[in-house]
Asks: 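Okay, handing you the structure first.
First the proteins, then the strands, lettered A, B, ... as listed; each starts at 1.
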Number of protein chains: 2
Amino acid sequence: MKTLDQYRVGEVERFGSYKMTREEVIDFASRFDPQPFHLDDLAAAANPIFGRLSASGWHTTSATMRMLVDHARRHEGFSMGSPGVDEIRWVIPTYPGDTLSLETETLEARQSRSRPEIGFVRQRVTTFNQHGEVVMAMISTIVVPASKA
Amino acid sequence: MKTLDQYRVGEVERFGSYKMTREEVIDFASRFDPQPFHLDDLAAAANPIFGRLSASGWHTTSATMRMLVDHARRHEGFSMGSPGVDEIRWVIPTYPGDTLSLETETLEARQSRSRPEIGFVRQRVTTFNQHGEVVMAMISTIVVPASKA
């Protein structure tokens with residue numbers, strides 16, 4: 001597992017590829033976000049923000065998480081969990097057929113005051129579509145070991 | 001659709017019931033958050049934060065969204081979408097078998113300066129388990145019509 005001292009503030013990584021299929025867009029929305037503009041082409045066309053069928057924002061965050069987890073598995077290993085995220089912004093819609101990718105930037109890495117054996121790493125996570133447009137951005141905090149056990 | 005002038009700052013509502021089944025916890029984690037502590041009982045027991053198999057935080061947010069959407073459908077109707085959320089806090093884990101419910105509090109309701117036909121409503125959304133414990137909290141912003149068309 002990557003430890004606190006191995007994170008470098010300012011470090012940027014780009015990785016990931018996640019295809020948002022029409023089938024998964026509708027399946028996710030049916031389960032968790034059954035608003036008409038995520039389920040039905042005509043209803044989406046009538047919505048002034050979306051214009052056409054688009055993925056639930058929570059589907060975009062979930063796809064982003066999958067890319068983060070796959071990257072961790074191939075590289076530093078998993079974190080110990082997350083206490084939360086800040087400033088999720090769904091900048092433009094994700095549409096069926098889009099292929100998403102990520103950029104992460106380490107903003108802060110600090111040891112816990114109350115539990116010195118762990119640390120908190122804050123990262124800006126930016127999600128792009130295949131046109132290089134930002135579809136989503138958020139600031140994520142993860143818990144990591146302060147040093148090798 | 002509920003319009004901007006129908007929101008009251010300070011208004012609190014409690015609603016929703018969402019059962020987190022073990023099957024759905026593992027299915028969601030397999031797709032979007034395949035970290036061992038969301039998939040495997042032994043790996044979860046070894047994690048000092050979780051202790052036992054727990055749901056992905058993104059599953060808890062998605063279940064929360066489902067309760068918000070079901071409530072909107074039964075009452076005021078759907079919003080026009082969301083530009084983002086702030087301060088998601090996964091306070092304690094959600095475990096298989098938990099039944100979640102919600103409280104919403106309207107924090108702010110303001111007309112858009114650039115597009116006066118729409119408004120933004122900020123709400124604190126708090127997710128509870130069946131013991132009345134807060135499992136998650138976030139601040140959500142939705143877009144609504146400024147007034148009836």
Asks: With rounding to the nearest 0.5 angstrom, report the CD1 to CD1 distance, A/Ile88 to B/Ile139.
Replies: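 One finds 12.5 Å between CD1 of A/Ile88 and CD1 of B/Ile139.
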
Asks: Step through the shown structure and confirm whether more than 12 heavy atoms of other residues, nucleotides or ligands are within 6.0 Å of CZ on B/Arg89.
Replies: yes

Asks: Go through the atoms of B/Ser79 and report whether side chain, backbone, both or neither lie under 4.5 Å from a heavy atom of chain A.
Replies: both

Asks: Quick check on the hydrophobic clustering: are B/Tyr18 and B/Ile92 connected, directly or via other members, by side-chain heavy-atom contacts under 4.5 Å?
Replies: yes

Asks: Pick one of side chain, backbone, both or neither for B/Val143, based on which atoms fall under 4.5 Å of a heavy atom in chain A.
Replies: side chain

Asks: Using the rule that two of Ile, Leu, Val, Met, Phe, Trp, Tyr join whenever any of their side-chain heavy atoms come within less than 4.5 Å, decide whether A/Trp58 and A/Met20 are in one cluster.
Replies: yes

Asks: Measuring only between side-chain heavy atoms, which start at C-beta, is A/Trp90 closer than 4.5 Å to B/Ser82?
Replies: yes

Asks: Between B/His59 and A/Phe32, what is the ring plane arrangement, given parallel below 30°, perpendicular above 60°, and tilted in between?
Replies: perpendicular

Asks: Please answer: with hydrophobic residues joined when any side-chain heavy atoms are less than 4.5 Å apart, are B/Leu102 and B/Val134 in the same cluster?
Replies: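 Linked within one cluster.
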
Asks: How far apart are the closest heavy atoms of A/Asp27 and B/Arg31, and which atoms are they?
Replies: OD2-NH1, 3.0 Å

Asks: In this structure, would A/Val9 and A/Leu4 fall into the same cluster of hydrophobic residues linked by side-chain contacts under 4.5 Å?
Replies: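 Different hydrophobic clusters.
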
Asks: Applying the 4.5 Å side-chain criterion to the ILVMFWY set and letting contacts propagate, would A/Leu100 and A/Val125 be lumped into a single cluster?
Replies: yes

Asks: Which is it for A/Met138 and B/Asp86 under the side-chain contact (heavy atoms from CB on, under 4.5 Å) test, yes or no, and what are the steps along the way?
Replies: CA-CA 9 Å; A/Met138 66 178 180; B/Asp86 292 299; over 6 Å; no

Asks: For B/Pro83, is it the side chain, the backbone, both or neither that has a heavy atom under 4.5 Å from a heavy atom of chain A?
Replies: backbone

Asks: So which of B/Leu68, B/Asp33, B/Thr61, B/Val85 has the largest heavy-atom pair count under 4.5 angstrom toward chain A?
Replies: B/Val85

Asks: Could you check if a side-chain atom of A/His38 sits within less than 4.5 angstrom of a side-chain atom of B/Val69, using non-hydrogen atoms only?
Replies: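 Not touching, per the 4.5 Å side-chain cut-off.
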
Asks: Using a cut-off of under 4.5 Å for heavy-atom pairs, which of A/Met136, A/Glu87, A/Gln35 has the most such pairs with chain B?
Replies: A/Gln35

Asks: What part of B/Ser56 gets closer than 4.5 Å to chain A, counting heavy atoms only: side chain, backbone, both or neither?
Replies: neither

Asks: Give the member of B/Ser54, B/Pro93, B/Pro36 that has the highest number of heavy-atom pairs under 4.5 Å with chain A.
Replies: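 Ranked by heavy-atom pairs under 4.5 Å with chain A, first place is B/Pro36.
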
Asks: Which answer fits B/Ser30, side chain, backbone, both or neither, if we ask what part of it has an atom under 4.5 Å from a heavy atom of chain A?
Replies: backbone

Asks: With a 4.5 angstrom heavy-atom cut-off, is it the side chain or the backbone of B/Met67 that approaches chain A, or both, or neither?
Replies: neither

Asks: Which pair of non-hydrogen atoms, one from B/Ser62 and one from A/Phe28, has the smallest distance, and what is that distance?
Replies: OG-CZ, 3.5 Å

